[in-house]
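In what follows, chains are A, B, ... by sequence order, proteins preceding strands, each numbered from 1. Predicted model only: the values in this text are computed from it and were never measured.
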Amino acid sequence: MKIITWNINSIRLRLPLLRRLASELAPDVICLQEIKTPEAHFPFSEVSDMGFVHIALSGMKGYNGVAILSRLPLMEISVREWCGKKDARHIAATLPDGTRLHNLYVPAGGDVPDAGENDKFAHKLQFLDEMAEWGAEEKRHPRRILVGDLNVAPLPEDVWSHRQMLPVVSHTPMETERLVAAQKAGGWIDLMRCFTQPEQKLYTWWSYRAHDWRASNRGRRLDHIWCSPEVAENARFCMPVPEPRSWDRPSDHVPVMAEFSLP
DNA sequence: ATGGTTGTGCGACAA
């Protein structure tokens, strides 16, 4: 079974890229973030025509929005409110083998890494703390996967320059310590890091603002696939898929794909 | 130190 997570940055604008990704990689499940559309404008028929006839989504106008596109039936679809907001940052479903799948979009947090000055950063820290509390409860599911744009690059090797990124939102110790705490509390395994050397740089996002994103290569690993130890035992592969960053009108994030052998 | 780009939807604002 192949699962992809991708911050698509508008599903309506990038339907051709989604179609190409689905065709070239043949995933069974695609988890999207920043679909940026309410359910009323979601392209159900186009996505169904790609083979993803089971669709779970939480959308809103203009911002955020997450969706699970699946060839396999989705059961027990649910959304959770985070930080008391109905802002379409989470959707969950159970796969036919009983695996509980969560798709998350953590707040980006704005530009200033100070919770007193910047409400968006305070919201992000609160969200990460809530992920730790929630994760401890979620441990009751032995088979569980968490994917999404977590908007934090936790390790020094997850950014192009650890030293220069330390004061930059996405890599501050306030964020990285909270993300690692949430990972630990939920008993989550960082699956992408299981399939590469510890010193290997891994990125899933490159800014639109670079003149030449590939030449400057100032990337960050903001997108993640986490799973329980029982699920990790069956993992065959988990890595970023960099090619879509070079396609026409790309998202600034690239997909991450994991492959599992059936238990 | 600054500015750089993209999205929604036609305003700013968010990333």
Novice: For A:Trp213 and B:dT6, what is the distance between atoms CH2 and P respectively, to the nearest whole Å?
Specialist: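 It is 14 Å, rounded to the nearest whole Å.
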Novice: Rounded to whole angstrom, note down the C1' distance from B:dA15 over to B:dG3.
Specialist: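 My reading of the C1' atoms in B:dA15 and B:dG3 gives 16 Å.
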Novice: Between C1' on B:dG4 and CH2 on A:Trp206, what's the gap in Å once rounded to a whole number?
Specialist: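 Computing the A:Trp206:CH2 to B:dG4:C1' distance gives 19 Å.
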Novice: Hey, which of these two, A:Ala210 or A:Ile35, hits DNA chain B nearer its 5' end, going by closest nucleotide?
Specialist: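 Mapping each residue to its closest nucleotide by heavy atoms, the 5'-most match is A:Ala210.
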Novice: Taking the side chain of A:Leu13 as heavy atoms from C-beta outward, which of B:dG4, B:dG7, B:dG9 is closest to it?
Specialist: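 In terms of side-chain proximity for A:Leu13, the closest of B:dG4, B:dG7, B:dG9 is B:dG7.
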Novice: Determine whether A:Asn64 and A:Lys36 make a side-chain contact, defined as any pair of heavy atoms from C-beta on separated by less than 4.5 Å.
Specialist: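 In short, these two side chains do not touch, never coming nearer than 4.5 Å.
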Novice: Looking at A:Glu138 and A:Arg144, is any side-chain nitrogen of the basic one under 4.0 Å from a carboxylate oxygen of the acidic one?
Specialist: no
Novice: Measure the spacing between CG of A:Leu191 and CE of A:Met239 and express it to the nearest 0.5 Å.
Specialist: 11.0 Å
Novice: What integer number of Å spans the C1' atoms of B:dG9 and B:dC13?
Specialist: 12 Å
Novice: Passes ring pair (Phe, Tyr, Trp, His ring centres under 6.0 Å), A:Trp134 versus A:His102? Steps please.
Specialist: CA-CA 12 Å; A:Trp134 164 83; A:His102 294 277; 4.7 Å; yes
Novice: Can a side chain N or O of A:Ser10 be found less than 4.0 Å away from OP1 or OP2 on B:dG7?
Specialist: no
Novice: Are OP1 or OP2 of B:dG7 and a side-chain N or O of A:Arg12 less than 4.0 angstrom apart?
Specialist: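 It does not, given that no N or O in the side chain of A:Arg12 lies less than 4.0 Å from OP1 or OP2 of B:dG7.
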Novice: What does the list of N/O pairs under 3.5 Å between the protein and nucleotides 11-15 of chain B look like, with a distance for each?
Specialist:
{"residue": "B:dA14", "atom": "OP2", "partner": "A:Lys120", "partner atom": "NZ", "Å": "3.0"}
{"residue": "B:dA15", "atom": "N6", "partner": "A:Arg209", "partner atom": "NH2", "Å": "2.7"}
{"residue": "B:dA15", "atom": "N1", "partner": "A:Arg209", "partner atom": "NH2", "Å": "3.1"}

Novice: Whole-Å distance between B:dG9 C1' and A:His41 NE2?
Specialist: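 Result: 12 Å.
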Novice: Could you work out the separation of B:dG11 and B:dG7 based on their C1' atoms and round it to a whole Å?
Specialist: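 About 14 Å, rounded to a whole number of Å.
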Novice: What distance, rounded to whole Å, do you find between the two P atoms, one in B:dG4 and one in B:dT8?
Specialist: 22 Å
Novice: Under the rule for salt bridge (charged side-chain N to carboxylate O under 4.0 Å, His left out), what residues qualify as partners of A:Asp149, not counting sequence neighbours?
Specialist: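 Scan of A:Asp149 (salt bridge (charged side-chain N to carboxylate O under 4.0 Å, His left out), adjacent residues dropped) gives none.
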Novice: Could you pull out all residues at least two apart from A:Asp190 that satisfy salt bridge (charged side-chain N to carboxylate O under 4.0 Å, His left out)?
Specialist: A:Arg221
Novice: In this structure, how many angstroms lie between the P atom of B:dG7 and the CD atom of A:Gln33, rounded?
Specialist: 17 Å
Novice: Mind checking the P distance from B:dT6 to B:dT2? Whole angstroms is fine.
Specialist: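 Their P atoms lie roughly 23 Å apart.
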Novice: Give me the distance, rounded to whole Å, that separates B:dC10 from B:dA14 when you measure between the C1' atoms they each carry.
Specialist: 16 Å
Novice: Which part of the nucleic acid does A:Arg14 contact within heavy-atom distance under 4.0 Å: base, sugar-phosphate only, or nothing?
Specialist: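 Sugar-phosphate contact only - A:Arg14 comes under 4.0 Å of backbone atoms but never of a base.
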Novice: Tell me if the centroids of the rings in A:Trp6 and A:His253 come within less than 6.0 Å of each other.
Specialist: no
